[in-house]
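Report on the following structure.
No hydrogens, no waters, no symmetry mates; every other heavy atom, side chains included, goes into these values. Proteins get letters first, then strands, A, B, ... in listed order; numbering begins at 1 in each.
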Amino acid sequence: MKPEHNVPQSEQSKATLSPDADREYFPPQEQASASTGLWLLIAVVTMLFFLFTVAYRIRMTLSDWQPLSEPWQLSISTAMLVMSCVTMHLCCRKAALLPSVHACRSLLNLAVFFTLGFILAQLWAWQQLLDLNYSVGGNPANSFFYLLTGLHGLHVLGGLIALAIAVFHAINRHSDSLYPSLSLCTRYWHFLLFVWLFLLGLLRFT
Amino acid sequence: MSNYSTSHSSNSDDHPQSFWTKYVWSQDHKVIAIQYSLTAIFMGLIALVLSWLMRLQLGFPGQFEFIDVNTYYQAMTLHGMIMVVYLLTALFLGGFGNYLIPLMVGARDMVFPFLNMLSYWFYLLASLILIASFFVTGGPTGAGWTLYPPQAIMPGTPGTDWGIVLMLVSLAVFIVAATMGGLNYVTTVLQARTEGMTLLRMPLTVWGIFTASIMALLAFPALLVSAIMMLFDKLLGSSFFMPAVISMGQQTDYGGGSPILFQHLFWFFGHPEVYIVALPAFGIVSDLISIHARKNIFGYKMMVWAILGIAALSFIVWAHHMYVSGMNPYFGFFFATTTLVIAVPTAIKVYNWLFTLWRGDIHLNLPMLFALAFMSSFVIGGLTGLFLGNVVVDIPLSDTYFVIAHFHMVMGVSPILVIFGGIYHWYPKVTGKMLNEPLGHLHFWITFLGTYAIYFPMHYLGILGMPRRYYAYDDYSFIPESAQSLNAFITIAALIVGAAQLVFIFNLFWSYLKGKQATGNPWQATSLEWQTPDTPPKHGNWGSAVPVVYRWAYDFSVPGCDEDYIPQNSPPNNQPPNNQPSDMQPPNANEAADPSSANDLRSDSDEA
Amino acid sequence: MAIAIALIFIVIASIAFHYYSPWWLTPAASNWGEIDDAFTLTLIITGAFFVVINLLIAWIVIRYRHKPGRKSTYQPDNKKLEAWLIGLTAIGIVALLAPGLVVYGKFVNVPDEAQLIEVVGEQWKWSFRFPGKDNQLGQSGIQFVTPTNPLGLDPDDPASADDRIVLSPELHLPLFTSFKVLLRSKDVLHDFNVPQFRAKMDLVPGTITYFWFTPTQRGTFDILCAELCGIGHFNMRGRVVVEDDATFGVWLASQPTFADSQQPQATSSITNLVELGKTLSEVNGCIACHSLDGKPGVGPTWLGLYGKTERMSDDAEVVVDDAYLRTAILNAGAEVVKGYPAIMPVYQFSDQEVEALIAYIKAVSAP
């Protein structure tokens, strides 16, 4: 978490080099709290998707279930989500060394691009299904598809909002809060990727 | 270790603050707690009036024309939902939790103050959405607080146009609020305790609310899942819960869904929910008893284990609400066993409260009176749970007035008594004034004796076999006339008890303006919230220096000490060694070490 | 001190109430009277706890209430005492649970000799079906439900033909015969509950649930729905008549079989139109919502209905005559009386049946 180089003090505003390593730029207790808070949120969201999975498994045993073949757009969206996680991770590592928004700008933009790409690809998949007349209410397999992908997508959007707030704070405060926030966002991104892969498996293999 | 959160820059002491940032958009946990509490009490008053509508119809059937069948079932549904979720959960977690947790653990505020503020506004939004359901076409839903499908979204039940939709949306918003709050309470307890405040030195109030918050984080998702799926069924025509049904003579488009799936999901939330309400009450009452009997809580560690054990077990008992639901009958064996097992840690808590009082120095002020009343009502409420948990005994009693009497005693009367006790106890800290005593006594006696008069006889109506959720009981051969008279009696008692609550509300506001000035620690309690430099505590709680903790929260009547209490932040010089609960000291050893206290006891017993 | 007195008073009053209370278990009319034994055991154990703990609180308050100079004992813990209490409580719990589970074991095991009977529930009435001589109930399903086939039996299933259909809400059963009661719902959750039989079970649409019992007392017993099923829940009436084998046999033989009910109805000479109307009103659940004695219900009462001037939902005032009633019965949604919900089901009746209903309504309007 601490920067690895000891660099002499230089100008703070939009600086590209890390500050004096002795200076506490983000109290560790606050970071610990934010980290705990995020783990708890991850537990809550896990519980949510776990319960949906249980409902899914129970509902699929009933007589009217007609399995759905997943639209091909899901491979695109999955690739997008993987790329978004990769770029978030790279961005986070860069911010550890160069904790300014300016320096991480291009990676941040890529991460947001891929995340939005994921959302759009998901919507494209929905469009495809609707065109083939797989309506929400038509069959429980359909209903679950829209429900699970929709909720996951909403959580991804929530993550984007959190990322935007983190970047906003980092720009405005002239402080170096970018790395800690970014590491939390990255954790959340990885978690959502894990959830997505799980959902994909659930939908694919049942 | 710095405790001052950097993220609420706009609220530091040297900033001039407007009325709005100080009292409305405040991020101070104390202000947010009061906001939660006032909103919850307001919602509770609405639910109280709804209960009067029900009781008027049951006590004097047909006499009040405006209480027709629809109104009755709508009142019944909203009464239940508001009381369980919008009053009890919000008040214990958002009200008591928000106020007490940072103070009791020695923090300056919650770890996420902005999120804390947001959680209140989401809670208010949820409440407003629910109230809005009174004003839409068809009115609020009348499906019962359990909202079972298929009836909840089919004609024949009130409010299936918009009422049920608003109810589900309101619940979803509440769950978001509760999650935000829960993240705050749990993280604050884990991360923001002051130096020396180990987990096993926290007062039981904190343990109760902390554990309940963890449960809330894990249980509310089940309600969200059910609500979202039911909204899908209602608005998008899916069939998660809807089997093929005939509605009012016509076939519908639904098919294949499982109403029992809803029940499993709902009760997976619903059972932990009742412990989310009960555990803070257990924690608070432990502290009330301890402080007002000037005696350490007996078996502190066991009490903590009991809280954790009850919390864990509460997640595996849910289908005791479903014994006659048509689920696989063999599940009944499992759930009856787990349900009766959960009675063991609960009983331990009752024993420990008794042992705390035993050989204590019991001051019969209002908080203690309410705590004693809690013990009595909780005992009967919990014991009747044993009837309902034992699957085969539950079968004739299911869906009768026995169930209503049970859950009102154990959810309605007992936690509410603790809420009152807690408010009479902490009011001096929150406002700097004492609540008026004579009014308090009037409130206490009517409430305590009145609720017994309402709910004790009700059990017998259930044993007789009178079903619940009935608008009227016309000409059932096995129901005697006297049952109707008993219903009338219960109604009168309920109206009187309801009126007494207005005395309490009046007291709250009147004492704020005109009440006796309170000192900083009028009850001479040990926990940190009573050791603040200012009363009411200012923003930041502790002034320039946060407290350091040297002992647990129950150093009352420590042998060899002049005062009968030692605050948690009182350093150990000149005091007897820290009496941690891990020291196994039989009572006799203490008396031998301090003969003067033994003499005191002997002389007291002469007077008794 | 007053609190101690109050607690003692509560204990005494509770015990007195228990002994003088006229509200107690109905006499058990089935083999599940043995549930009452588990109930009584629970009552004794929990009653003892209730009395002891309340009196203990009272005594502790009296003995240890604050007096000047009193100091409480410092006693953080007593592990041995706690262990004993946990042990004793656990034993108490087992003593409660074990007998209950033994009885429950019997409850879930349907005896081989149990006869089949099907109960069909809908908003807001009960119907019944007996298997015929083939001892098999025909297949059923929502998709088969029509006005002439209200129980939705599969007409192509040979087992259906001899099933006895009972559309009136009165079920007869023979004494001392075990029955496996199959439960089926056409719309929402209901619960078939006769307090004297002790056993009950929900009806779940989309599945068939069951329980079993043996009636052991003669008599007529009320059926009360025990799962909130909408605004008619409290008035979903029915009766179970338990009688000896011979009387039951006569009754069963007089019930139509499914095959009979599917024959086109001959316009038989009905001597009493009012009687027919009364039967129809019971069989079709009219009386769940329309009372006969003026009491408010889901729908307008029939007492004093004929000839009355009703205010409709659009504030128009209409006189209740034959034409009005005909519309109200066959096309209820067309116009609704002010203050009542528009939830009357769609019915299809023959002209003669409509006449009969109108005649019956006339008859009860002015007793």
Side-chain angles (χ1 to χ4, degrees), chain A residues 24-66 135-148 150-151 154 158 162 165 169 172-173 175 177 180-181, chain B residues 1-7 9 107 110-112 114-115 175 178-180 182-192 213-214 216-226 228-229 231-233 235-244 253-258 260-262 264-265 268-269:
Chain A
E24 286 284 2
Y25 58 87
F26 202 79
Q29 190 264 328
E30 237 182 85
Q31 181 60 6
S33 300
S35 174
T36 306
L38 183 62
W39 281 121
L40 286 172
L41 181 66
I42 287 176
V44 175
V45 177
T46 304
M47 196 63 178
L48 186 71
F49 282 102
F50 164 72
L51 288 165
F52 272 120
T53 305
V54 169
Y56 181 93
R57 298 288 309 206
I58 292 178
R59 186 64 176 86
M60 68 183 261
T61 62
L62 300 174
S63 56
D64 63 336
W65 183 270
Q66 272 163 2
S135 65
V136 181
N139 183 278
N142 305 356
S143 317
F144 264 110
F145 181 87
Y146 290 107
L147 180 58
L148 293 173
L151 268 177
L154 280 176
I165 295 177
H169 274 317
N172 273 8
R173 278 213 222 135
S175 72
S177 58
S181 308
Chain B
M1 187 168 31
S2 155
N3 282 311
Y4 201 99
S5 173
T6 55
S7 51
S9 47
M110 290 283 183
V111 286
F112 308 125
F114 182 75
L115 200 64
I175 293 170
T179 304
M180 291 197 260
L183 292 179
N184 246 317
Y185 314 144
V186 177
T187 310
T188 303
V189 169
L190 290 177
Q191 297 290 356
S213 303
I214 297 178
L217 289 175
L218 297 177
F220 272 106
L223 182 62
L224 187 61
V225 167
S226 343
I228 292 177
M229 286 164 74
L231 274 172
F232 264 60
D233 279 359
L235 297 174
L236 299 173
S238 56
S239 295
F240 291 117
F241 306 128
M242 300 296 288
D253 288 330
Y254 293 117
S258 169
I260 297 187
L261 174 61
F262 177 88
H264 278 298
L265 287 168
F268 186 81
F269 149 75

Contacts of B/Asp253 that satisfy salt bridge (charged side-chain N to carboxylate O under 4.0 Å, His left out) - sequence neighbours left out: none
Which atom of A/Met47 lies closest to which atom of B/Leu218, heavy atoms considered: CG-O, 3.2 Å
Proximal component of A/Ile58, with respect to chain B [non-hydrogen, under 4.5 Å]: side chain
Region of A/Thr36 in contact with chain B, defined by heavy-atom distances below 4.5 Å: both
Largest heavy-atom contact set with chain A, pairs under 4.5 Å, which of B/Leu261, B/Asn184, B/Leu115, B/Thr179: B/Leu261
Heavy-atom pair count under 4.5 Å with chain B, highest-scoring of A/Ser135, A/Ala43, A/Ser63, A/Gly137: A/Gly137
Structural part of B/Phe268 lying under 4.5 Å from a heavy atom of chain A: side chain
Side chain, backbone, both or neither of A/Phe144 within contact of chain B (heavy atoms, under 4.5 Å): both
Closest non-hydrogen atom pair, B/Pro221 against A/Leu51: C-CD1, 3.9 Å
Polar side-chain atom of A/Arg59 near backbone of B/Ser258 as donor-acceptor pair, under 3.5 Å: no
Structural part of A/Leu151 lying under 4.5 Å from a heavy atom of chain B: side chain
Under the ring pair (Phe, Tyr, Trp, His ring centres under 6.0 Å) test, residues paired with A/Phe52 that sit two or more places apart: none
Heavy-atom contact with chain A under 4.5 Å, split by part of B/Met229: side chain
Exercise: identify the closest heavy-atom pair between A/Ser143 and B/Phe240: CB-CZ, 3.4 Å
Which atom of B/Leu265 lies closest to which atom of A/Ala55, heavy atoms considered: CD1-CB, 4.3 Å
